[in-house]
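To start, the structure itself, in structure tokens.
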Amino acid sequence: MKRIAVMTSGGDSPGMNAAIRGVTRAAISRGVEVIGFYSGYSGIHNNEFIEMKSTTVGGIITHGGTILRTARCKEMRTPEGRERVVQVLRDHKIQGLVIIGGDGSITGGEVLRAEFDFPVIGVPSSIDNDIYGSDYSIGFDTAVNTALDATDKIRDTAYSHDRVFVVEVMGRNNGFIALNVAVAAGAEAVIIPEAGHSIDIICKNLTQAREKGKASSLIIVAEGAATAYDMSQEIGKKTGFETRFIVLGHTQRGGSPTAFDRILALTLSVAATERLISGHAGEIVGIEGSKLVYHPINDIVTYKKEISPFLLNLVGKMSI
Ligand code: F6P
């Protein structure tokens with residue numbers, strides 16, 4: 001390959017810039033030119049691009065967000081839209097595309113490969129960490145640490161006022177962020193879409209804890225399971241305790257990436273670029289344990305990433 005493209009797509013996540021840097025410099029060091037398209041598939045569709053040089057990615061490793069912007073593209077949902085995307089790529093003599101994004105963005109690329117035989121490779125990037133084929137996706141660690149920092153602060157004020165606080169974290173369809181924050185913050189309960197919950201049992205546990213002298217409590221809820229507002233209202237009514245809630249929202253999507261996310265982003269993006277250049281396509285690059293792995297993109301549709309039952313049990317065990 002002599003010329004490849006890179007883009008970021010879907011919800012942004014801290015570490016995307018480090019991944020753009022990884023792709024750009026790995027390709028240039030192999031004598032391959034790189035074009036960056038703005039705003040994901042929309043930018044390809046609208047032919048909005050930048051020639052990436054080594055200097056284009058200078059100093060961005062520390063920055064959250066993405067210098068290439070990102071979007072969720074409706075054009076990819078139509079055959080004409082996809083045809084246009086591939087046409088623009090071919091007009092630029094692009095021979096392969098690195099997609100830095102979540103499951104929807106990466107499976108969108110697989111459609112381009114299946115329909116037009118256009119080589120794509122995926123770099124898992126999402127704060128949700130819900131992409132099969134990699135223990136971690138880029139941005140998850142930073143999002144967890146951002147949410148944890150806020151939750152630790154909430155713990156202070158919850159304690160001072162003897163209150164029950166419900167903290168809502170992101171996770172549209174899954175509870176990876178919620179579970180890690182709950183364990184690390186020492187929360188009394190966690191509510192996630194993957195596991196059922198009983199408000200009566202939560203209230204019973206809170207009441208028993210209060211009887212034993214624990215006057216404040218933290219409950220972490222994933223946005224995909226319930227709203228913090230509803231939970232706090234219901235708990236307040238059932239227990240008579242003073243409750244408050246907070247929605248951490250998009251704060252979790254921003255900020256300087258942690259060291260873990262930077263290293264992960266560079267590792268996955270460089271591996272993906274080298275793999276694409278050497279003729280592999282239709283894969284998603286991941287890490288499992290300490291190993292780099294390459295799964296067919298279709299695996300992320302076929303298989304579901306599971307939460308850790310061990311961590312889930314840990315929350316209950318530690319909240320006695
Ligand atoms: O997929 C990442 C994510 O941050 C989810 O956790 C959240 O539900 C969603 O994106 C929010 O999307 P938007 O930025 O479009 O509101």
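Model, not experiment: these values are computed from the prediction. Remember, it's 1-based here, ligands and their atoms both numbered in the order they're listed. We're numbering straight along the sequence, starting at 1.
- Using a 4.0 Å cut-off to heavy atoms of Gly171, the atoms of ligand 1 that qualify are 6 (O).
- Atoms of ligand 1 lying under 4.0 Å from at least one heavy atom of Glu223, given by number and element, are 5 (C), 6 (O), 7 (C), 8 (O).
- Counted by atom type alone, Thr62 and Arg262 present zero donor-acceptor pairs between their side chains at under 3.5 Å.
- Distances between N or O atoms of Met170 and those of ligand 1 include no value under 3.5 Å.
- The existence of a salt bridge linking Lys204 and Asp200 is excluded, since no basic side-chain nitrogen approaches an acidic carboxylate oxygen closer than 4.0 Å.
- Between Asp128, Asn129, Asn173, Asp130, it is Asp128 that holds the heavy atom closest to atom 2 (C) of ligand 1.
- With salt bridges taken as basic N to acidic carboxylate O contacts below 4.0 Å, one links Asp12 and Arg253.
- For a threshold of 3.5 Å applied to N or O pairs, the pair formed by Arg253 and ligand 1 contains at least one separation below that value.
- The part of His250 lying near ligand 1 is the side chain, judged by heavy-atom distances below 4.0 Å.
- Ligand 1 lies less than 4.0 angstrom from a heavy atom belonging to Arg72.
- No side-chain donor from either of Ser232 and Arg244 sits under 3.5 Å from a side-chain acceptor of the other.
- Listed by first and then second residue, the salt bridge (Lys or Arg N to Asp or Glu O under 4.0 Å) pairs that reach into residues 82-99 are Arg82-Glu115, sequence neighbours excluded.
- Within the 4.0 Å heavy-atom criterion, the part of Ile127 lying near ligand 1 is the side chain and not the backbone.
- Side-chain contact check for Ser137 and Ser126: no donor-acceptor pair (N or O, by modelled atom type) lies under 3.5 Å.
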